**Q** 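Here it is, the structure, as structure tokens.
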Amino acid sequence: MRETKLRIRLFGDPVLRKKTKPATNVNQAHRDILSEMTRLMYAASGGIGLAASQVGLNESMIVVDIGSGLYKLINPKIVRQEGKQIMEEGCLSIPGICIKVKRAKKVLVKAQDEFAKPVTIEARDLLARVLQHEVDHLKGRLILDHASFFEKLKIRRKLAELKKRSRNEGLSESKTKSCQLQL
Ligand code: ZN
């Protein structure tokens, strides 16, 4: 595999707010990126999902593994959703911040695999949640957008610190509490 230099971008990096474009002409370069994203996801403590925008790329790709198998998905779309469930989520791009997010309990996702073959995934509970979190990333949406007014007040200072960190990559990582789910 060719050497790629991807790293997880932190809150404050404008790329996290950009909407990705559909990936076209899926080829080896996409597969290399998906492999590298998978490596980064597994390397992150507790990481169970990662979206292309989190590594600074603007094509729609995600990787997900909640422990029951790895999904490498291109152009994922949620085509149906059902039910509601609230759970606390963290984000690999917003370390140390946990937000209660209401999401659909069940989703139907249509995507392509790394060889551009169409795939359909029926997911519920945790897998459904992770897929929704990652598809949010592809639209430039973050868990912060799901935060209540009071949650936003509570995390204001932490966010300011994170912004500083994302500007000064050289700074050593401060100890942060991690959430139950890291995506
Ligand atoms: Zn995330």
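All ligand and atom numbering here is 1-based and tracks the order in the structure. What you are looking at is a predicted structure, and each value in this text was computed from that prediction instead of being measured. Residue indices begin at 1 and follow the sequence shown.
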**Q** How open is the angle at the Zn ion (ligand 1) from atom NE2 of His137 over to atom O of Leu183, rounded to 10 degrees?
**A**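 With the Zn ion (ligand 1) as the vertex, the angle is close to 140°.
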**Q** Could you please spell out the steps behind the salt bridge (Lys or Arg N to Asp or Glu O under 4.0 Å) verdict for Lys72 and Asp113?
**A** CA-CA 6 Å; Lys72 291 174 173 176; Asp113 70 7; over 6 Å; no
**Q** Is a salt bridge present between Glu161 and Lys158, judged by a nitrogen-to-oxygen distance below 4.0 Å?
**A**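 Here Glu161 does not pair with Lys158 in a salt bridge, since their nearest N and O are not under 4.0 Å apart.
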**Q** Closer than 2.8 Å to the Zn ion (ligand 1): does that hold for any N, O or S atom in Leu142?
**A**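 Not a single backbone or side-chain N, O or S atom of Leu142 is under 2.8 Å from the Zn ion (ligand 1).
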**Q** Give the name of the N/O/S atom in His133 that lies closest to the Zn ion (ligand 1).
**A**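 Answer by atom name: NE2.
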**Q** Check Asp145 with Lys152, please: is the shortest side-chain N to carboxylate O separation under 4.0 Å?
**A**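 Answer for the salt bridge query: no.
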**Q** Do the charged groups of Glu89 and Arg103 touch, with an N to O distance under 4.0 Å?
**A**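 Salt bridge: yes.
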